[in-house]
Amino acid sequence: MPNTEREPGSRDFLEQAQHDAARQRYGTPGALQDVINVMMADQDQAKRVNAAKAAMLGVDIDATVEKWASKNTSVFHHGTPQSVRWPASNPTATEKDLSPAALGPKHDVTMSEHGATSPETDMHVGYSSTTQMDVSSPESGELTGDSTTPNESEMSDGQVRNANMGARSSIQRFSLNTNNDGPKKEKGKRKRVTFLDDMPIPTLLPATPPVAESSRLGAARVPTELDTQLAPSLFVQQAERYPVEPLPKWYEDIKPNNLEMNKIRKKRPQALNSLEALKNCIGRCEDKMMQRSNVQSKNPKLLELFDELRNLVHKAEIYLPVDKYIVRFARILHKENGLPRIFQEDTQFPSDLKADSYQLYLRWIREDFEQNVLRGIITVKGPNRGSDRLDPKYRSKYPTTAKYYGDKGLIIGQCWPSQLCTVRDGAHGSSQGGIFGDKDKGAYSIVLSGGGGYNDQDNGDSIVYSGTDGQDFTPTEATQQMLRSAELGNEIRVIRSANLHRDNQYRPVIGFRYDGLYTIKGFELVDKEKQIHRFKLERCPGQDEIRYGDNAASRPTQYEIDEYKSLKVKHRWA
DNA sequence: GGGCCCGCAGGG
DNA sequence: CCCTGCGGGCCC
C-alpha cells in the first residue's frame, strides 16, 4: 500500500502503524494481537480528537493530510545530536496548546488563541527519534567491532516495512549524564550498550476531548470519560482538589449527650485539649489573615502561626490518640469548625498545610483513628527472621486498591515508613516491585529507588526510569505496562524511596514519599535482547511542588522521621 | 555498606 | 500454584 493512502486518523493507517509498532516491540503474534485489539478500541476516540483539533484550528483536514503525505517525513524528527531526544518530549507550541492540560476546564480555549498555530505537527501519529547510544563511555570513539549494530538484513519483515513507511535513518550518538550515578557505572558487565531505534514508533497522543457543538464560538471543551480516566488530575477544579466530604454516618450517629460524650465532657481527655488547641490555632491564623490579607506571605507573625499550626497537624497525624467520640466532640470534621477551615478552596493557608490537614481529615473521615504509622502491618516471626505483612483484618476494614489512575485520596508529600505501607494505603500495588500496573491500562504507579542497579536519572520534574530487564527479546510484564502507558499518556503516581542515591536532593530522608503524577513522554530502547527500555517521565503541571529539602513544607516531617527511626530500632530488638 | 536469601502481594 | 520483583533483615 502506498504511503499516501495511509491518512492520519484513518483506520487503515492506524491499524498498520500500530501493527508495525506492536510487532517491533513485542515480536510475538499473541501479544501483538492484544495490543492491536486495545488500540482499535481507541480509534473512534482518535478520530474525534483529530476532527476536534482541526475544527479548533480552523484547519482544512484534507489539505493538511495531503501536505503531510507529500512530505512523508516524521513530524517529530528535529535533531539535536548531542543531547538526548525523546519522542514528543519537546512539544511544539501546537502540541502544547492542544494537550489535555490546556484544554481542560481549568483553561478554557478560544479560537483566537490558536488561530496562528501551524497544523503540521498536529498529526495523530508521532514518531520516535532516531538514536544510538553509548551509556558508559561518552568520550569513547567509534563503535567496536563486537558491538551489535543491527542493519536492515537483520530486521524482521515488519521492521523493514516500518522503516520504509516512516522516516529516514540517521543514526546518531549521544551520551547520557546521570546525576545519580555519574560515570561510576563502569563496574557493570555491560560496558557498552548500543541500540538501534531507527524505526518510527507510532504513538497515540494522549487523548484530548472532542469539541462541544458551540466550540466554534470559543466555548469550553467538555472532557470525555476517557480523558478524565487517563488524566484525572487535569480535569479537577481547584475547588475539588480537597473536597469537603459529607459528614460520615458514624459521626452523625453520635448524639451530643450520649454516655460517651458526657464522659468526655467531664473528663476532658488530653487528646481533646490537643484538638481544641488545633482549632484555636486555626482561628488565630484566620484572624491574622483577615487583618493583613494583602501581605500575608511577608507577615512574620502569620508565618509563625503557620509553623505552629504545622506542628500541631503533624503531631496529630503521628501521635494523637483520638477515638470517634473525641473527634465528634471537638467537631473537628465540621466544615465550619474543624480541619476543612484549613484546606477549603477559598482559604489562604499554605498549600502544604492544606495537604497535610486534608490527609488527617481523610483518615478520620473513614473512621481510622489508628495513628500508628505501621497500622495494618503485622510482623510475623519466621524461623530465621521476622517479616512484615498486611493485616487481613485491617485490609477488610479499610479496603484499598492501587488499580486506578490519578491520586485521589493521596496528598503530595504523603509518606510511609515502608513500601508495604504504600500498598496498604493504595498508593502503590506491589510490596516489592517498582512498577505496578495492568497489561491494558498501563502503569498506575512506580517507585523510584536506588536498588537493582538501574541507570535512572532524577531531576525532580523530569525522570528517566528504567523498565526491568527482560530476556530473549521479550520485555517483562512491567516493561510492557510502561510501554502501554507511553501510548495512553495516562498519569502515573511517582513514589520516591529513601533508598535513592544520597546525592539525589529529592530523596526522602527515610521511607517513601508520594511526589505527584507524571506522564511518560517517550522512551528509548537501550538493549534489544534484554528489552531494556528507559522511560522519560515528566511531572504533570498544576500540582504542588515536590516536598523535598529542608523547609517547613518538606516531608517526611520531623515527627515522621523520629518515629520511623525508633521503629527500626525496635524492630532490631524484636 | 554489600551480598545472601527469605519473604510479601499481586497477577497469570 | 506458579512466577516476578526498584524490600529488607541479617550476616559479614
Side-chain angles (χ1 to χ4, degrees), chain A residues 28 30-31 34 178 180-181 184-185 187-188 374 376-392 394-396 399-404 416-458 463-472 474-482 484 492-502 504 506-508 510-515 518 530-535 537 564-565 567-574:
Chain A
T28 66
D34 288 341
T178 63
N180 282 347
D181 303 305
K184 69 151 195 200
K185 276 287 154 181
K187 63 152 195 188
L374 287 180
I377 309 290
I378 49 179
T379 305
V380 262
K381 289 173 270 286
N384 300 327
R385 76 195 81 222
S387 70
D388 287 348
R389 79 174 53 147
L390 292 177
D391 180 0
Y394 184 93
R395 283 241 94 179
S396 60
T400 60
T401 175
K403 298 183 73 166
Y404 64 98
W416 300 270
S418 72
Q419 191 164 325
L420 204 54
C421 289
T422 68
V423 178
R424 176 198 68 199
D425 290 353
H428 192 56
S430 170
S431 62
Q432 294 183 210
I435 299 167
F436 179 72
D438 192 277
K439 198 180 170 75
D440 293 337
K441 299 288 182 68
Y444 299 110
S445 58
I446 60 173
V447 172
L448 271 48
S449 177
Y454 299 96
N455 193 14
D456 291 350
Q457 214 180 332
D458 189 357
I463 299 165
V464 178
Y465 189 80
S466 305
T468 46
D469 295 9
Q471 46 188 334
D472 301 331
T474 309
T476 58
E477 285 291 324
T479 301
Q480 290 186 42
Q481 290 162 6
M482 292 294 277
R484 178 63 181 143
I492 299 170
R493 297 184 293 276
V494 167
I495 296 161
R496 282 189 175 79
S497 160
N499 217 13
L500 282 162
H501 196 277
R502 294 214 177 276
N504 186 335
Y506 304 104
R507 180 183 76 97
I510 195 165
F512 296 76
R513 186 186 62 219
Y514 171 63
D515 279 344
Y518 291 65
K530 292 167 89 177
Q531 284 290 305
I532 301 173
H533 292 72
R534 308 179 78 238
F535 296 91
L537 290 98
Y564 297 179
K565 282 186 175 158
L567 285 171
K568 286 203 168 188
V569 172
K570 247 196 257 171
H571 224 275
R572 199 167 294 162
W573 279 55

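So that the names make sense, note that chain A is the first sequence line, chain B the second, and so on, each numbered from 1.
Between Trp416(A) atom CH2 and dC8(B) atom C1' the separation is 18 Å, expressed in whole Å. With rounding to whole Å, His501(A) atom NE2 is found 19 Å from dC6(C) atom P. Spacing between atom CG of Asn499(A) and atom P of dG8(C) amounts to 8 Å, rounded to whole angstrom units. Rounded to whole Å, atom C1' of dG8(C) lies 13 Å from atom CD1 of Ile377(A). Gln457(A) places its CD atom 16 Å from the C1' atom of dC6(C), with the value rounded to the nearest Å. Between Gln481(A) atom CD and dG5(C) atom C1' the separation is 12 Å, expressed in whole Å. Per the geometry, CZ belonging to Arg389(A) stands 15 Å off P belonging to dG9(C), to the nearest Å. Going from atom CD of Gln471(A) over to atom P of dG5(C) covers 9 Å, rounded to whole Å.
dA9(B) and dG9(C): their P atoms are spaced 15 Å apart (whole Å).
Classification of the Tyr444(A)-Phe436(A) ring pair by plane angle, with boundaries at 30° and 60°, yields tilted.
Remark: Ile446(A) CD1 to Gln481(A) CD distance equals 12.0 Å, nearest 0.5 Å.
Phosphate proximity of dG7(C) to Ser449(A): present, with a side-chain N or O under 4.0 Å from OP1 or OP2.
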Using nucleotides 10-12 of chain B, report all nitrogen or oxygen pairs with the protein that are shorter than 3.5 Å.
from	atom 1	to	atom 2	distance (Å)
dG10(B)	OP1	Arg395(A)	NH1	3.2

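Listed candidates were dC6(C), dG7(C), dG5(C). Nearest to the side chain of Tyr454(A) is dC6(C). Set against dG5(C), dC5(B), dG1(B), the side chain of Arg385(A) has dC5(B) as its closest nucleotide. Here the nucleotide nearest the side chain of Ser387(A), chosen from dC6(C), dG7(C), dC8(B), is dC8(B). The side chain of Thr476(A) sits closest to dG5(C) out of dG5(C), dC8(B), dC6(C). For Leu420(A), whose side chain is taken as the heavy atoms from C-beta onward, the closest listed nucleotide among dG7(C), dA9(B), dG5(C) is dA9(B).
Both tests hold for Arg493(A) against Tyr404(A): distance to the six-membered ring centre under 6.0 Å, angle to the ring axis within 45°.
Stems are defined here as 3 or more consecutive Watson-Crick or G-U wobble pairs with pairing distances under 3.5 Å; those involving DNA chain C are B:1-6 with C:7-12, B:8-12 with C:1-5.
Within the nucleic acid shown, Arg502(A) comes within 4.0 Å of sugar-phosphate atoms alone, with no base atom in reach, counting heavy atoms only.
Residues Asp472(A) and Gln531(A) fail the side-chain proximity criterion, which asks for heavy atoms closer than 4.5 Å.
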